[in-house]
Number of protein chains: 2
Amino acid sequence: MNTKLPPRTVERLSKYRRLLDKYKDLEEAHIYSHKLAALLNLTPEQVRRDLMLIGLTGNHRKGYNIKALIGQIGTTIDRQEGHRVALVGIGNLGKAVLGFIRKANTKMDIVAAFDIDRNKVNTQVAGVACYDIGAAAQIISREQIRIAILTVPPEAAVNTATLLLESGIRGILNFTSVHLDVPPGIYLKDYDIITSLEEIGFFIMD
Amino acid sequence: MNTKLPPRTVERLSKYRRLLDKYKDLEEAHIYSHKLAALLNLTPEQVRRDLMLIGLTGNHRKGYNIKALIGQIGTTIDRQEGHRVALVGIGNLGKAVLGFIRKANTKMDIVAAFDIDRNKVNTQVAGVACYDIGAAAQIISREQIRIAILTVPPEAAVNTATLLLESGIRGILNFTSVHLDVPPGIYLKDYDIITSLEEIGFFIMD
DNA sequence: AATTTATTGTTAATTTTTTCACATTAGTGA
DNA sequence: TCACTAATGTGAAAAAATTAACAATAAATT
Ligand SMILES: NC(=O)c1ccc[n+]([C@@H]2O[C@H](COP(=O)([O-])OP(=O)(O)OC[C@H]3O[C@@H](n4cnc5c(N)ncnc54)[C@H](O)[C@@H]3O)[C@@H](O)[C@H]2O)c1
Ligand SMILES: NC(=O)c1ccc[n+]([C@@H]2O[C@H](COP(=O)([O-])OP(=O)(O)OC[C@H]3O[C@@H](n4cnc5c(N)ncnc54)[C@H](O)[C@@H]3O)[C@@H](O)[C@H]2O)c1
């Protein structure tokens, strides 16, 4: 079900599902486009169009069936078999991420974590097995891991990313704020809290 | 210098500066739009347009003077006096954020952190004073804090956000993945790693 | 000094995204 | 049963963002 979808739509679909996840077991719960829009600061038209794009159809009187909505978002943006993810760098941020994803209901499975610190290697954090970074190539290949979350210290970022790409990683979520040069075909997403803060700062000025 | 700027431009300006920050002391360093674009997966035209929008002018032969570029981004998106920020919830994520921002060169100053845990209250983390959440209203008002980073457990999110808004906070960076209902005029930005991962997952499928 | 070159600055064109507008429709209740 | 209501679904319009195109130009070279 991988038709070409606008990137923004993909992002919003993920958010709809995150928001409505807690109602997923209610068989007959519905939500109106204007309600969903209000919850996420969007317009009702935008919500309807997004849902239209994934072929979801609502009820003219009750709105969208939440269970169906979650299901359809799943068939659209998830891989059936899920995604196998590695976390690299089990520091404060890495631990927070592990704990967070463990609790979340998602097809993103963190199947391995890597660190260089001997005290962390061969332990479990939030139910995830931690390995030495030296074993990364082997484990990523064996476990068919395709996505990596990079939370190593900045000075280790470039080398670690190179290693990950050589090991078969196809997408990186990079928290290090270090610029990574990736070849075409690799999906790199950077997140930097400072950019978020500066954006907030700019828009609250008056 | 607060002309109306497209939100995307603001975000990219922040990224240009983050990326070039390390060259800020080189008096005569220049960069071409195409070089900057390549570093951030943008087009040269987009870079030139962004810089045009903030009234920055490059040299036809050498490109943009990095120091001038950083300066002009500053006058455009920063407040001269900086922004006073509070971090609320000093757990794994909160500590990572404190350490990160302390090291970064930015006008965002974290001037207080809050927690409910008695072991954390009245300590310092990454040079930031930690207070009891009960003192938040008083300290936020006294310190004129306008922006809060919310890293409390999900179940505390709504109440804590209410308290922050009552205390004068105008912008919230919300990591809790809990939906917050904020009145108009308050700038809320949510970040959820799962949405980032799902986006990566979707776009590496083929 | 003239020529060449590579880049900027910017208008115009294009593409993408959002919003409008309204016909259609499922349920409600008189 | 039949109008009425408050939604959806979607083509069309508008707005926003990006990309193309190219004249202007500053430095390097001859
Ligand atoms: N983008 C953001 O918003 C943001 C926020 C906070 C932190 N950060 C960044 O995230 C990263 C981690 O932050 P943190 O606070 O968790 O740091 P941390 O020092 O607590 O953790 C880093 C971990 O990486 C491990 N490590 C070091 N070298 C390694 C290597 N070569 N291979 C594997 N593991 C290695 C360390 O042993 C440690 O466990 C840093 O780069 C930091 O700057 C980014
Ligand atoms: N959005 C994301 O990408 C992302 C990633 C990781 C974690 N998270 C979320 O961030 C939050 C923090 O995660 P963490 O791993 O640091 O959790 P944590 O449990 O380590 O830290 C939470 C901290 O908040 C404090 N706290 C509890 N109640 C409080 C209150 N009422 N007022 C002030 N402080 C209070 C606790 O004492 C603790 O120090 C959680 O909501 C988690 O789900 C989000």
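Numbers restart at 1 for each chain; the letters A, B, ... are given by sequence-line order, proteins then strands. The figures that follow rest on heavy atoms only: side chains count, while hydrogens, waters and symmetry mates do not.
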K.L.:
Without decimals, in angstroms, what is the distance between A:Met52 CE and D:dG11 P?
P.N.:
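Value for this atom pair: 6 Å.
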K.L.:
Would you indicate whether A:Gln144, at its atom CD, is surrounded by more than 12 heavy atoms from other residues, nucleotides or ligands within a distance under 6.0 Å?
P.N.:
no
K.L.:
Just by modelled atom types, is the A:Ala156 backbone N or O under 3.5 Å from a matching donor or acceptor in the A:Thr160 side chain?
P.N.:
yes
K.L.:
Using a 4.5 Å cut-off on heavy atoms from C-beta on, say whether the side chain of B:Ile149 contacts that of B:Thr151.
P.N.:
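B:Thr151 vs B:Ile149: side chains touch.
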K.L.:
Would you call the rings of A:Tyr191 and B:Phe175 parallel, tilted or perpendicular, taking 30° and 60° as the class edges?
P.N.:
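The rings of A:Tyr191 and B:Phe175 stand perpendicular, inter-plane angle above 60°.
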K.L.:
Would you say A:Glu81 has more than 12 foreign heavy atoms packed within less than 6.0 Å of its CD?
P.N.:
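Counting neighbours around CD of A:Glu81, more than 12 heavy atoms of other residues, nucleotides or ligands fall under 6.0 Å, so yes.
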K.L.:
Using the heavy-atom set of chain A and a strict 4.0 Å cut-off, write down the first and last nucleotide of DNA chain C that makes it in, 5' to 3'.
P.N.:
C:dT17 to C:dT28
K.L.:
Just wondering, do B:Leu13 and A:Phe202 contact through their side chains at under 4.5 Å, heavy atoms?
P.N.:
no
K.L.:
Do the non-hydrogen side-chain atoms of A:Leu69 and A:Leu20 ever get within less than 4.5 Å of each other?
P.N.:
yes
K.L.:
How long is the line joining CG of A:Leu56 and P of D:dT8, in whole Å?
P.N.:
11 Å
K.L.:
Suppose the criterion is ring pair (Phe, Tyr, Trp, His ring centres under 6.0 Å): which pairs have a residue in residues 31-74 of chain B, not counting sequence neighbours?
P.N.:
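Of all non-adjacent pairs touching residues 31-74 of chain B, those that pass ring pair (Phe, Tyr, Trp, His ring centres under 6.0 Å) are B:Tyr32-B:His34.
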K.L.:
Can you check side-chain contact (heavy atoms from CB on, under 4.5 Å) on B:Leu93 and A:Leu93, steps first, answer last?
P.N.:
CA-CA 5 Å; B:Leu93 183 56; A:Leu93 183 56; 3.6 Å; yes
K.L.:
For a 4.5 angstrom cut-off between non-hydrogen side-chain atoms, does A:Lys15 reach B:Asp192?
P.N.:
no
K.L.:
Using modelled atom types and a 3.5 Å cut-off, is there a donor and acceptor pairing between side-chain atoms of B:Arg84 and backbone atoms of B:Glu143?
P.N.:
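Yes, the answer is positive, given that a donor and an acceptor are paired below the 3.5 Å cut-off.
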K.L.:
Quick test: give all pairs of protein nitrogen or oxygen and nucleotides 1-3 of chain D nitrogen or oxygen below 3.5 Å, distance rounded to 0.1 Å.
P.N.:
none

K.L.:
Does a side-chain heavy-atom distance below 4.5 Å link B:Val47 with B:Leu40?
P.N.:
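Heavy-atom side-chain distance check fails, nothing below 4.5 Å.
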K.L.:
Using nucleotides 16-20 of chain D, report all nitrogen or oxygen pairs with the protein that are shorter than 3.5 Å.
P.N.:
{"residue": "D:dT18", "atom": "OP1", "partner": "B:Arg8", "partner atom": "NH1", "Å": "3.2"}
{"residue": "D:dT18", "atom": "OP1", "partner": "B:Arg12", "partner atom": "NH1", "Å": "3.4"}
{"residue": "D:dT18", "atom": "OP1", "partner": "B:Gln46", "partner atom": "NE2", "Å": "3.2"}
{"residue": "D:dT18", "atom": "OP2", "partner": "B:Arg12", "partner atom": "NH1", "Å": "3.2"}
{"residue": "D:dT18", "atom": "OP2", "partner": "B:Arg12", "partner atom": "NH2", "Å": "3.1"}
{"residue": "D:dT18", "atom": "OP2", "partner": "B:Gln46", "partner atom": "NE2", "Å": "3.3"}
{"residue": "D:dT18", "atom": "O5'", "partner": "B:Gln46", "partner atom": "NE2", "Å": "3.1"}
{"residue": "D:dT19", "atom": "OP2", "partner": "B:Thr43", "partner atom": "OG1", "Å": "3.2"}
{"residue": "D:dT19", "atom": "O4", "partner": "B:Arg49", "partner atom": "NE", "Å": "3.3"}
{"residue": "D:dT19", "atom": "O4", "partner": "B:Arg49", "partner atom": "NH2", "Å": "2.9"}

K.L.:
By a strict heavy-atom criterion of less than 4.0 Å, which residues belonging to residues 29-38 of chain B are in contact with DNA chain D?
P.N.:
none
K.L.:
Check this one for me: any side-chain N or O of B:Asn59 less than 4.0 Å away from OP1 or OP2 of D:dA27?
P.N.:
yes
K.L.:
When the nearest nucleotide of DNA chain C is assigned to A:Arg61 and to B:Pro44 on a heavy-atom basis, which residue is associated with the more 5' position?
P.N.:
B:Pro44
K.L.:
Go through the structure and list residues passing ring-ring contact (aromatic ring centres under 6.0 Å, His included) with B:Tyr187, not counting sequence neighbours.
P.N.:
A:Phe203
